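These notes are about the structure you will find just below.
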Amino acid sequence: PHTVDRIVVSGVNAKFVQEADSSWNVAHLVKSSGRDTSASPVYFAVGDLQINHSRFQINSGYLIPDTTLQVHDFSLKSSFSLEKNGYAANLEHLSFKASNPKLGGPISFETSANASNNEYNLEKLVLATGRSLIRMNGHFSGDTTKARFGFNFLGNPVSWQDIHAASETY
């Protein structure tokens with residue numbers, strides 16, 4: 001496969017806008033080649049992808065109506081591959097803080113996960129506000145004939161103000 005050992009990007013400051021046709025502004029950065037790409041897959045591997053100290057502004061009338069989501073302190077460490085015998089992805093670390101007036105205050109998000117062929121593991125997902133803390137983990141494995149899954153959820157404490165803000169937003 002095509003291999004990239006390491007990609008490190010720091011200090012990204014980007015604005016993502018969802019257009020009226022529901023496409024995203026960043027989808028127009030690279031023009032389509034017009035060639036048929038369905039003939040054979042391109043096998044590749046990225047050994048280490050890191051994005052550090054970044055911030056994003058997200059405008060979408062579909063996700064959060066009439067407002068902008070600010071994402072800051074974004075950090076990502078990951079690796080992934082697509083090969084003849086399957087795929088693998090490891091999200092070692094993803095964290096950020098998000099703020100929006102309709103959410104009632106900043107939210108911290110942190111997660112780690114991995115996937116390989118028919119096995120998916122959510123090792124950790126943490127959402128925290130100034131009033132609530134939610135933790136989750138889980139796994140799923142299987143195919144079209146047999147599946148196995150498990151899921152753990154802990155919300156302690158969970159604030160009614162956060163529930164109200166989320167219900168008003170969505």
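Please read these numbers as outputs of a predicted model, since none were measured by experiment. In what follows, every heavy atom counts, from backbone to side chain, and hydrogens, waters and symmetry copies are set aside.
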Mind listing the closest non-hydrogen atom pair of [X] and [Y] along with its distance?
X	Y	result
Asn25	Lys15	ND2-O, 3.1 Å
Thr111	Lys124	OG1-O, 2.6 Å
His28	Ser23	NE2-OG, 3.5 Å
Ser112	Glu92	CB-O, 3.4 Å
Asn137	Glu123	CB-O, 3.3 Å
Gly142	Asn118	O-CB, 2.9 Å

What's the spacing between [X] [atom1] and [Y] [atom2] if we round to 0.5 Å?
X	Y	atom1	atom2	result
Asn152	Arg135	CG	CZ	12.5 Å
Asp48	Ser78	CG	OG	9.0 Å
Ile107	Lys97	CD1	NZ	12.5 Å
Ser10	His53	OG	NE2	5.5 Å
Asn114	Tyr120	CG	OH	11.5 Å
Glu83	Thr3	CD	OG1	7.5 Å

For the pair [X] (side chain) and [Y] (backbone), establish whether a donor and an acceptor sit closer than 3.5 Å, ignoring hydrogens and angles.
X	Y	value
Ser159	Ser132	no
Asn90	Ala115	no
Ser116	Glu119	no

Exercise for the section: Apply the test side-chain contact (heavy atoms from CB on, under 4.5 Å) to residues Asn59 and Phe16: give CA-CA distance (whole Å), side-chain angles for both, the deciding distance (0.1 Å), then the verdict. Expected result: CA-CA 6 Å; Asn59 296 78; Phe16 300 95; over 6 Å; no
Taking a hydrophobic cluster as the set of Ile, Leu, Val, Met, Phe, Trp and Tyr residues connected by side-chain heavy atoms closer than 4.5 Å, whether directly or through intermediates, do [X] and [Y] fall within one such cluster?
X	Y	answer
Phe151	Ile134	yes
Leu154	Met136	no
Val17	Val26	no
Ile7	Phe80	yes

Handout entry: side chain to side chain donor-acceptor pair (under 3.5 Å) assessment of His93 paired with Ser95
Key = CA-CA 7 Å; His93 177 84; Ser95 66; 2.9 Å; yes
Problem - Pairwise side-chain contact, Leu91 with Leu76, heavy-atom cut-off 4.5 Å (strictly under) - result: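 When only atoms from C-beta onward are counted, Leu76 and Leu91 do touch, with a gap below 4.5 Å.
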Practice task
Mind running side-chain contact (heavy atoms from CB on, under 4.5 Å) on Phe109 and Leu125 for me, showing each step along the way?
Solution key: CA-CA 7 Å; Phe109 177 89; Leu125 188 142; 4.0 Å; yes
Handout entry: Over 12 non-hydrogen atoms of neighbours within 6.0 angstrom of CZ in Phe153
Key =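 It does: Phe153 CZ has more than 12 such atoms within range.
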Practice task
Before giving the answer on side-chain contact (heavy atoms from CB on, under 4.5 Å), spell out for Trp24 and Ile58 the whole-Å C-alpha distance, their side-chain angles and the decisive distance to 0.1 Å.
Solution key: CA-CA 10 Å; Trp24 290 88; Ile58 303 169; 4.0 Å; yes
Practice task
Quick one: name the residues clustered hydrophobically with Leu133, using the 4.5 Å side-chain heavy-atom rule over I, L, V, M, F, W, Y, and just say none if it's on its own.
Solution key: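 Traced through the cluster, Leu133 reaches Val126.
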Completion exercise
The side chain to side chain contact (heavy atoms under 4.5 Å, CB included) partner of Ser54 among Asn13, Asp73, Val71, Val12 is Val12
